[in-house]
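In each ligand, atom 1 is the first atom listed, and ligand 1 is the first ligand listed.
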Amino acid sequence: MKIHSLKSGSKGNASLVYTDKTKILVDCGISGKAVKTAMADIGFEPGDLDGIVVTHEHADHIKGIGVMMRRYNVPVYANSMTWSAIMTNDLGKLNDDKIKIFEGVEPFSIGDIGIKPFPIPHDAAYPVGYCFDDGRCRAAVATDMGFLTEEVFREIGGCKTVLLESNHDIGMLEVGPYPYPLKQRILGKLGHLSNDDAAKATEFLVRMGAEKIILGHLSEENNYPKLAYETVKFGISKADIAVGRDLELLVAT
Ligand SMILES: [Zn+2]
Ligand SMILES: [Zn+2]
């Protein structure tokens with residue numbers, strides 16, 4: 001099983017999780033055309049997708065789902081509260097037979113990939129992250145979290161690969177151009193993880209057996225890839241964890 005980030009950041013998110021048999025998109029906050037271009041880079045096309053699993057209803061995660069349902073007949077999975085919230089957005093006509101609803105964080109599977117949603121602290125109807133299991137290894141997508149709960153750690157601990165939020169540098173956010181209420185939202189318990197938070201999470205995940213951490217959902221205003229990478233690398237070095245020796249550290253842009 002592999003994870004490939006097609007696009008990551010506050011402007012739009014979509015990650016491909018795939019095996020030889022099954023291809024799943026986690027979120028689709030980019031246009032159908034952008035999905036097509038990004039999938040073509042690795043030799044796939046949108047028609048290959050067996051499903052899209054949605055973490056929550058914010059625009060940067062769902063903008064493209066209507067097109068994917070209509071043009072490529074891709075089923076879209078979300079829990080019932082998230083689907084209710086998605087319906088309040090104008091995404092064009094959504095094919096009823098492609099709407100797949102699960103309850104809360106109930107596990108399900110698509111093809112040969114088992115999927116376990118888990119709750120995340122974020123300001124949406126019922127936001128979740130996802131763990132994927134193909135019977136050989138586990139991987140997780142964990143972004144859009146105000147802080148790391150014990151439950152999140154329990155769910156993603158032991159995954160070999162984690163796409164982990166590293167949204168902002170706290171200093172850049174504090175002195176940056178965002179209005180005060182938005183800064184408070186991002187820094188709050190239902191906002192987003194900082195680079196420092198990502199470093200702490202990476203230390204935990206490596207101790208639990210993670211081999212590859214992909215930092216994602218970087219803010220364009222309050223972060224940049226080298227800063228996220230260096231902050232996490234420096235943070236874990238204090239716990240004697242070295243990039244290259246103990247893990248592969250990547251940044252999804
Ligand atoms: Zn969000
Ligand atoms: Zn987001």
(request) Determine the interplanar angle of the His58 and His122 rings, folded into 0 to 90°, and report it as parallel if under 30°, tilted if 30 to 60°, perpendicular if over 60°. (result) perpendicular

(request) Classify the side-chain pair Thr19/Asp112 by whether it contains a donor and acceptor separated by less than 3.5 Å. (result) yes

(message) Can you tell me which N/O/S atom of Asp60 has the shortest distance to the Zn ion (ligand 2)?
(response) OD2

(message) Between Tyr126 and Val105, is there a side-chain heavy-atom distance shorter than 4.5 Å?
(response) yes

(request) Kindly report the NE2-the Zn ion (ligand 2)-NE2 angle for His217 and His61 respectively, rounded to 10°. (result) 110°

(message) Is Asp144 close enough to the Zn ion (ligand 1) that one of its N, O or S atoms comes in under 2.8 Å?
(response) yes

(message) Suppose we only allow N, O or S atoms; which atom of His58 ends up nearest to the Zn ion (ligand 1)?
(response) ND1

(message) Can you tell whether the side chains of Arg245 and Asp240 come within less than 4.0 Å, N to carboxylate O?
(response) yes

(message) Evaluate Asn13 against Ser8 for side chain to side chain contact (heavy atoms under 4.5 Å, CB included), listing each step before the verdict.
(response) CA-CA 4 Å; Asn13 295 277; Ser8 189; 3.6 Å; yes

(message) With respect to the Zn ion (ligand 1), please indicate if His56 possesses an N, O or S atom at a distance under 2.8 Å.
(response) yes

